[in-house]
Structure formats: C-alpha cells, structure tokens
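The model shown is predicted, which means the values in this text are computed figures rather than measured ones.
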Amino acid sequence: MLFGAFIGAAPSAHAEADDPVVSVPPAGEHGFPFLAAAEDLGSFGYTENEYFISGTAHSYAKAGLWGPDGRWNVRESGSAAYKTRLLVRRPTDPAKFNGTVVVEWLNVSGQLDLSPDYWFERDELLREGYAWVGVSAQAVGVNGGLGEIHGLKGWDPARYGTLVHPGDAYSYDIFSQAGRALRAPDGPDPLGGLKVRTLLADGESQSAGFMTTYADAVQPVAKVYDGLMIHSNSAVGAPISGELADTLTMPNPSRIRTDLPVPTFVVLTETDVPLASAARQPDTGSVVHWELAGTSHGDQWAYDLGGPTLKKSAGSAAPQADCTAGTAPFNDGPGHYSMNAALRHLASWARGGARPPSGAPLSTALRDPRTGLATGGVRLPDITVPTRTLTGLRHLGLGDGVFCGLYGARDPWNGDADGWDRHDSGDPSNPSFPPVAEPVLSRLYPTHAGYVAKVQAAAQQSVDGGYLLPEDAAAIVKTAQDSGIGG
C-alpha cells in the first residue's frame with residue numbers, strides 16, 4: 001500500500017475552526033524552556049525555540065462498542081480552553097531540512113515532561129535534517145505532579161504561568177491541534193518558514209499508550225498525521241477519557257486498526273514484550289511491528305542523553321534513576337540504532353515508499369543457555385556477535401528507584417581459567433533470568449581481526465535486511481575496530 005496520496009490531507013471544516021493561535025513565551029525566570037537541550041545544538045546546525053499554542057480543545061467519548069481490533073468510533077463529548085507549549089528543534093539552514101517533522105507526545109511518567117524518543121532517535125534526527133517538536137500534551141506536564149515536581153507552571157511561573165490544561169481527556173485533540181499549528185500556523189511559525197512534507201506522530205512508553213488510542217480512535221477523524229510511531233506500548237491503549245481508572249474499560253488487547261490510510265510502526269523492546277505480547281497481530285500493508293532483542297525500555301544511551309538535559313531544567317527536583325543497589329549496570333544495547341532505522345523507514349513509507357520489513361517475534365522466556373540472550377526478534381550485531389549479556393529487565397535491589405527495572409541490564413563477559421564464568425545479572429527469583437554459564441571472550445574470538453570480521457559481516461547483514469542504517473553500521477564496525485576484543 002502506498003501512502004503518498006494522503007500526505008497533507010486537509011482537516012475537516014470543524015477542525016479548521018479550532019486551529020490554535022501560536023504565540024511566543026516570555027523569557028521567564030530561567031531564560032530557557034524546560035527540557036532545553038543540554039548539548040550545543042548549534043554545532044549540529046540546529047536551533048531550539050519554544051512556542052505556545054492556545055484555543056479550544058475537544059474531548060471524546062466512545063461511540064458504539066470498542067473491540068480488540070482497534071476500529072473504534074468516537075463522538076465529541078466536551079470542549080474547554082487550553083494553552084500549552086511546543087518545544088521545537090529544527091535545522092538553522094532551510095536547505096538542510098528534509099521535509100519531515102517528528103511530533104513527539106512528551107512523556108510524563110516521571111510527573112514532568114520528558115522526550116525519550118528524541119533521545120533514542122537523536123542521531124538520525126540531527127544528521128538527516130528532520131525537525132522535531134515536543135508537545136506538552138498531558139496535564140501533569142503543565143500543571144505539576146507529586147512532591148517537589150511542579151510542572152511547567154511551577155518550574156517557571158513567569159514563563160509558563162498563563163498555561164491552561166483542562167485535563168487528559170483533551171490531550172488527544174491538543175495533540176491534533178499541535179500538528180495543525182505546524183502545517184498552517186495562526187501567528188508566528190514554529191518551523192520558521194520550513195515547508196512540511198511529512199508530519200509524523202511519535203510517542204514512547206506511557207505516551208505510546210495514548211498514541212495507540214490516538215491511532216485507533218482520533219487519527220481517523222482528525223486526519224492530521226501522515227504516519228505514527230508507537231514505541232514501547234503495552235497491550236492496552238490509554239483511556240479515551242484520560243482517567244487512569246478507565247484503563248480497565250479499554251479493550252484488552254488493544255490492537256492497531258488496519259484500515260488507516262497512513263502507516264503505523266510499532267517498536268517493542270525486550271522489556272515491553274511480556275506486557276504487549278497479547279496484542280500481537282500480523283503485519284499488514286499499514287501496520288508493521290519490530291521486537292528488539294537485547295534492548296530495554298530505557299537504556300544507557302537514553303540515560304546519558306536525557307540526564308544532563310533533565311538536570312539542566314529540573315535540577316534536584318528531577319526524578320533520578322538511582323539504581324546503584326542493582327546487580328548490574330544499565331543495558332547499553334542497540335535500541336537507538338533500531339529506532340534510527342525505524343524512523344527513516346516510517347518517513348519514507350509515509351511518503352509512498354516501500355513498507356519496512358517485518359520483524360520476527362521475540363521470546364524473552366526462551367534464552368540462549370550460553371549467552372543468556374533472548375531468542376528471536378530483530379537482532380543487530382550486539383546480539384549476533386555478542387560480547388555481553390543484554391537483558392530488558394533487571395533484578396531490583398533494596399533502595400532501587402521505581403523506574404530502575406525499565407533500564408534493563410548488561411553483564412560483561414570476563415570468564416575464569418576454565419573458560420566459563422557465571423552471569424551475575426541473573427535473578428534467582430525469576431526462572432526466566434537464571435544465572436547461566438557465560439563465554440570467555442578470548443576463546444569465543446581468538447583473534448581481534450576475526451572478531452572485527454564477524455561484526456562487519458553481521459552489520460552488513462542487518463543493513464541488507466533493512467534493520468540497520470549504513471551510517472550506524474559504520475559506527476558499530478568502528479567501535480569493534482577500536483576495541484581490545486579478540487586474542
């Protein structure tokens with residue numbers, strides 16, 4: 001199925017009447033937006049700006065019965081005034097813009113705005129000239145959460161004090177209106193005159209649950225986005241009411257409807273598969289799934305990028321993943337490489353290009369007895385030419401933070417004189433993650449040249465299969481060449 005004909009589909013007349021007004025926020029107390037990048041975006045040829053959007057948002061309610069197939073109808077159930085923000089990163093030089101805008105539903109699982117998929121996809125976004133927009137779609141990000149986490153309004157009242165969020169029932173339409181503001185702004189242009197060719201919606205974790213419901217119930221009537229990325233969702237979509245308790249009334253499982261005229265890409269990490277496997281469905285011309293071996297819901301890559309950004313904004317009030325009591329360091333697997341490839345596939349697919357390749361199902365229960373790695377799934381060189389055990393879950397120790405289990409674990413292989421050692425990342429209480437014998441690297445890869453050759457071959461195989469980008473394959477091979485592995 002080709003989707004290029006649907007790009008830029010005009011919203012309904014009712015939607016046009018609700019297009020938001022765009023404005024520029026005041027400097028405020030901090031002089032920069034919450035979640036401002038800690039790295040120098042200028043060195044990548046990018047600029048970062050923030051805008052407010054305001055207007056009237058609508059809530060939705062179920063119309064008719066909702067079943068597991070995701071073919072959900074809605075009716076409008078209410079309206080309320082709102083004002084929220086867009087955080088925009090775009091190429092400074094319009095000639096470097098590739099025409100695609102990734103609109104991320106900012107994640108609020110930590111009770112404040114986070115941008116996990118920007119961090120996972122950051123290399124692809126910046127090197128290929130995408131624009132990225134983070135939307136404060138949910139109420140807690142604006143109004144504040146628990147304890148010392150005060151939301152945008154509490155973090156900088158001088159900058160954000162005029163924001164208004166009427167509740168998560170309105171978050172779906174707010175997200176639609178954000179997309180319309182990027183296509184045809186009423187006021188200052190958040191994209192600085194860049195011409196949008198492809199508009200992609202993106203959400204990870206809790207946001208992916210909202211994206212599931214958005215895809216099934218809202219995209220068919222709003223018709224704003226040209227493609228949807230759903231990263232690390234569970235088997236159940238978020239409630240259309242926005243009320244957490246109503247999750248129990250959602251279809252279980254909540255699959256992705258297959259009659260959308262725009263493509264949907266679902267990507268699951270090893271952490272997510274046990275929670276999402278009930279919603280597995282065959283790939284179709286409009287829905288593709290990847291399940292990533294050796295990856296985790298959050299990982300070292302995202303932590304290293306997001307940590308400085310969050311510290312810059314939230315400081316001591318930032319929710320910290322203090323996992324020092326755990327038995328292993330964070331998973332440092334290939335999740336970001338897979339997200340780079342998935343993003344490029346989705347952008348091309350939404351413009352009428354080929355459908356991405358399907359991914360094999362992943363088994364987290366059936367693990368290789370020697371490496372401890374999960375079987376099946378999308379397998380990049382870190383998994384096919386392994387040097388450590390990578391898992392999607394970690395054994396939580398006393399005092400570990402609430403999110404620590406989501407960062408997975410890695411267990412480097414050291415080995416003893418007999419040629420085998422024991423994995424220390426196993427969880428004795430969980431039969432799916434028992435301690436197992438592990439290889440000794442010097443015996444697994446007797447020479448450095450031989451190790452590098454295996455990595456090169458595995459990287460090329462992943463590129464040929466469509467699961468790895470050539471640029472990332474080169475980086476993986478370079479890391480292998482610079483390592484001391486082999487011999």
Residues forming a side chain to side chain contact (heavy atoms under 4.5 Å, CB included) with [X], sequence neighbours excluded:
X      : result
Asn49  : Thr47, Tyr51, Arg90
Asp69  : Arg71
Ser232 : Glu204, Thr269, Asp272, His297

Shortest non-hydrogen separation from [X] to [Y] and the atoms involved:
X      : Y      : result
Ile230 : Ala215 : CD1-CB, 4.4 Å
Gln138 : His165 : C-NE2, 3.4 Å
Ala178 : Val135 : CB-CG2, 3.8 Å
Pro356 : Val288 : O-CG2, 3.9 Å
Lys195 : Phe97  : O-CE2, 3.1 Å
Pro251 : Val236 : O-CG1, 3.9 Å

Just by distance, with hydrogens left out, do Asp123 and His336 show a side-chain donor and acceptor under 3.5 Å apart?
no

With sequence neighbours excluded, give me every salt bridge (charged side-chain N to carboxylate O under 4.0 Å, His left out) pair touching residues 44-65.
Glu48-Arg89, Glu50-Arg85, Glu50-Arg159

Any pair counted as salt bridge (charged side-chain N to carboxylate O under 4.0 Å, His left out), so long as it reaches residues 228-242, sequence neighbours left out
none

Do [X] side-chain atoms and [Y] backbone N/O form a donor-acceptor pair below 3.5 Å?
X      : Y      : answer
Ser205 : Ser207 : no
Thr84  : Ser136 : yes
Arg180 : Ala222 : no
Lys153 : Leu163 : yes
Thr212 : Gly237 : no
Asp216 : Arg257 : yes
Gln219 : Tyr225 : yes
Ser313 : Leu310 : no
Asn98  : Glu128 : yes
His345 : Tyr467 : no

Any chance you could measure Thr295, atom OG1, to Arg379, atom CZ, to the nearest 0.5 Å?
11.0 Å

Value for OG1 (Thr364) from CD (Glu291), rounded to nearest 0.5 Å, stands at 9.5 Å

Quickly, which of Val287, Thr284, Leu228 forms a side chain to side chain contact (heavy atoms under 4.5 Å, CB included) with Ile256? Name it, please.
Val287

Candidates Leu390, Asn331, Leu362, Leu292 - the one meeting side chain to side chain contact (heavy atoms under 4.5 Å, CB included) with Glu270
Leu362

Run Leu305 and Tyr118 through side chain to side chain contact (heavy atoms under 4.5 Å, CB included) and show every step you take.
CA-CA 9 Å; Leu305 279 176; Tyr118 173 82; over 6 Å; no

Which residue pairs satisfy the side chain to side chain donor-acceptor pair (under 3.5 Å) criterion with at least one member in residues 244-255, sequence neighbours excluded?
Ser241-Asp246

In terms of the angle between their ring planes, are [X] and [Y] parallel, tilted or perpendicular, with boundaries placed at 30° and 60°?
X      : Y      : answer
His231 : Phe120 : perpendicular
Trp290 : Phe265 : perpendicular
Tyr160 : Trp155 : tilted

By ring pair (Phe, Tyr, Trp, His ring centres under 6.0 Å), which residues pair with Phe44, not counting sequence neighbours?
none

Within the 4.5 Å heavy-atom criterion, are [X] and [Y] side-chain neighbours or not?
X      : Y      : result
Asp113 : Leu152 : yes
Ser286 : Thr264 : no
Val103 : Val101 : yes
Trp66  : Ile240 : yes
Tyr82  : Tyr170 : no
Leu191 : Val88  : yes
Val22  : Pro190 : yes
Leu343 : Tyr130 : yes

Can you list the residues that meet the side-chain hydrogen bond (donor to acceptor under 3.5 Å, both in side chains) rule with Glu471, with sequence neighbours excluded?
Arg344

Applying side-chain hydrogen bond (donor to acceptor under 3.5 Å, both in side chains), can you list everything that pairs with Ser77, at least two apart in sequence or on another chain?
Ser59

Of all residues at least two apart in sequence or in a different chain, which pass the salt bridge (charged side-chain N to carboxylate O under 4.0 Å, His left out) check with [X]?
X      : value
Glu104 : none
Asp168 : none
Lys312 : none

Tell me which one of Asp189, Asp19, Asp226 satisfies salt bridge (Lys or Arg N to Asp or Glu O under 4.0 Å) with Arg183.
Asp226

Check against salt bridge (charged side-chain N to carboxylate O under 4.0 Å, His left out), Arg410 and Asp382
CA-CA 11 Å; Arg410 70 179 184 268; Asp382 278 292; over 6 Å; no

Going through the checks in order, is the side chain to side chain contact (heavy atoms under 4.5 Å, CB included) test met by Arg122 and Glu39?
CA-CA 11 Å; Arg122 174 260 201 183; Glu39 61 186 337; 2.5 Å; yes

